[in-house]
Amino acid sequence: MKRIIFILHIVLLFIGCKDLFDRKDDELSFVKTPNTSDKIRLDGYYYKYIVPDKVGIRIYYQNGIVYSTSKFNDIKSFEKKANDGRNEITRESIKIQWGLYLIKEDSIFTNGLGIVSGDLHFSETFSKGIILNDTTILFKETKFSNGYIDSYNDTLHFKQFSLKPDSTAFIIK
């Protein structure tokens with residue numbers, strides 16, 4: 001009897017975790033579309049200090065890909081890493097750091113993957129930003145495919161930088 005209950009628990013566990021095994025982590029709703037707009041600058045990166053010792057970096061590429069990271073303590077450490085071996089930054093990246101973006105009029109839309117606290121799988125994310133000018137973007141919220149909404153007020157500022165990491169990562173098809 002104990003064995004049957006144990007097996008029943010295992011079967012129920014796998015049924016409950018079906019989404020973990022069915023979902024392809026690299027599926028995004030957006031289609032990779034080259035950016036033909038001049039609304040944002042592409043000859044560098046956008047940044048925002050998250051806390052005094054962490055900086056968020058976003059790099060928008062002409063091919064419609066966006067790379068995000070917040071693993072650097074400051075801008076100088078990001079630029080040093082890029083100068084030392086710019087493609088090491090993207091080789092060391094993970095799926096949730098990559099996404100796609102589209103620009104329509106004065107808005108920028110991003111589509112990527114994220115993990116909501118308590119979830120055991122990636123959730124598709126959608127963010128909308130307002131392009132204030134070609135060097136400043138304001139993001140206010142991210143919506144997750146599971147219904148969770150993360151509200152914030154992030155103003156990203158542009159910094160010109162010629163050694164952008166490679167965007168031809170294996171993560172975005």
Side-chain angles (χ1 to χ4, degrees), residues 20 25-26 28 30 32 35 37 39-103 106-172:
L20 282 175
D25 289 339
D26 56 358
L28 297 176
F30 288 10
K32 185 165 69 170
N35 177 11
S37 164
K39 295 281 185 177
I40 63 171
R41 301 219 9 215
L42 301 174
D43 58 334
Y45 60 88
Y46 289 80
Y47 69 93
K48 175 202 177 301
Y49 277 95
I50 300 167
V51 291
D53 60 346
K54 279 285 184 222
V55 65
I57 304 281
R58 278 204 189 161
I59 304 172
Y60 295 94
Y61 295 93
Q62 187 76 45
N63 62 4
I65 290 178
V66 59
Y67 169 75
S68 303
T69 184
S70 58
K71 70 178 184 177
F72 295 98
N73 294 335
D74 55 34
I75 290 172
K76 287 181 183 175
S77 61
F78 167 74
E79 290 184 356
K80 181 179 182 337
K81 180 81 168 184
N83 282 325
D84 291 347
R86 70 178 188 204
N87 292 331
E88 280 183 42
I89 292 172
T90 55
R91 269 195 297 269
E92 296 171 357
S93 65
I94 57 176
K95 289 182 182 186
I96 61 173
Q97 292 178 292
W98 293 95
L100 299 171
Y101 77 96
L102 297 168
I103 294 177
D106 288 334
S107 296
I108 184 167
F109 301 89
T110 64
N111 178 212
L113 297 171
I115 300 174
V116 178
S117 180
D119 279 354
L120 298 175
H121 58 86
F122 292 122
S123 181
E124 191 173 15
T125 62
F126 301 91
S127 300
K128 178 184 176 190
I130 300 165
I131 302 170
L132 302 177
N133 55 53
D134 68 348
T135 62
T136 311
I137 305 170
L138 174 64
F139 283 95
K140 292 196 172 198
E141 72 178 17
T142 297
K143 295 179 182 179
F144 291 77
S145 59
N146 66 358
Y148 178 77
I149 298 175
D150 184 17
S151 298
Y152 49 85
N153 201 12
D154 286 349
T155 302
L156 305 178
H157 301 280
F158 179 79
K159 184 159 193 285
Q160 188 172 5
F161 188 68
S162 60
L163 294 174
K164 287 170 54 167
D166 185 17
S167 71
T168 57
F170 67 94
I171 294 169
I172 301 289

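Note that the coordinates shown come from a computational prediction; the quantities given were computed from them, not determined experimentally. Nothing fancy with the numbering, it's 1 onward along the sequence.
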Supply the atom-to-atom distance [X] [atom1] to [Y] [atom2], rounded to the nearest 0.5 angstrom.
X	Y	atom1	atom2	result
Lys32	Ile65	NZ	CD1	4.0 Å
Ile40	Ile131	CD1	CD1	6.0 Å
Ile115	Phe122	CD1	CZ	4.5 Å
Gln62	Asp43	CD	CG	11.0 Å
Ile130	Asp106	CD1	CG	9.0 Å
Thr135	Gln160	OG1	CD	11.5 Å

So which heavy atom on [X] is nearest to which on [Y], and how close?
X	Y	result
Asn35	Ile103	ND2-CD1, 3.8 Å
Thr125	Asn111	O-ND2, 3.1 Å
Glu124	Leu113	CA-CD2, 4.2 Å
Ile75	Val55	N-CG1, 4.0 Å
Asn73	Tyr49	O-CE2, 4.2 Å

How about [X] and [Y]: do any of their side-chain heavy atoms sit closer than 4.5 Å?
X	Y	value
Ile57	Tyr67	no
Ile59	Thr69	no
Tyr45	Glu79	yes
Phe139	Ile108	yes
Phe158	Ile137	no

For this session: Using ring pair (Phe, Tyr, Trp, His ring centres under 6.0 Å) as the criterion, list what pairs up with Tyr47, not counting sequence neighbours.
Result: none

For this session: Report the C-alpha distance between Tyr101 and Ser127 in whole Å, list the side-chain angles of each, state the deciding distance to 0.1 Å, and finish with yes or no for side chain to side chain donor-acceptor pair (under 3.5 Å).
Result: CA-CA 9 Å; Tyr101 77 96; Ser127 300; over 6 Å; no

Exercise. So Asn153 and Lys140, side-chain contact (heavy atoms from CB on, under 4.5 Å) or not? Walk me through it.
Worked result: CA-CA 5 Å; Asn153 201 12; Lys140 292 196 172 198; 4.1 Å; yes

Exercise. Once the angle between the rings of Phe161 and Phe78 is folded into 0 to 90°, is it parallel (under 30°), tilted (30 to 60°) or perpendicular (over 60°)?
Worked result: tilted

Exercise. Would Lys76 and Asp74 count as a salt bridge (charged side-chain N to carboxylate O under 4.0 Å, His left out) if you check the C-alpha gap in whole Å, the side-chain angles of each, and the deciding distance to 0.1 Å?
Worked result: CA-CA 5 Å; Lys76 287 181 183 175; Asp74 55 34; over 6 Å; no

For this session: Name all pairs fulfilling the salt bridge (charged side-chain N to carboxylate O under 4.0 Å, His left out) condition that reach into residues 45-60, sequence neighbours left out, sorted by first residue then second.
Result: Lys48-Asp154

For this session: Take Tyr46 and Tyr60 through the ring pair (Phe, Tyr, Trp, His ring centres under 6.0 Å) test and state the conclusion after the steps.
Result: CA-CA 8 Å; Tyr46 289 80; Tyr60 295 94; 5.7 Å; yes

Exercise. Looking only at atom types and distance, does a side-chain atom of Ser123 sit under 3.5 Å from a main-chain N or O of Ser145, one as donor and one as acceptor?
Worked result: yes

Exercise. side-chain contact (heavy atoms from CB on, under 4.5 Å) between Tyr152 and Thr142: does it pass, once the steps are laid out?
Worked result: CA-CA 8 Å; Tyr152 49 85; Thr142 297; 2.6 Å; yes

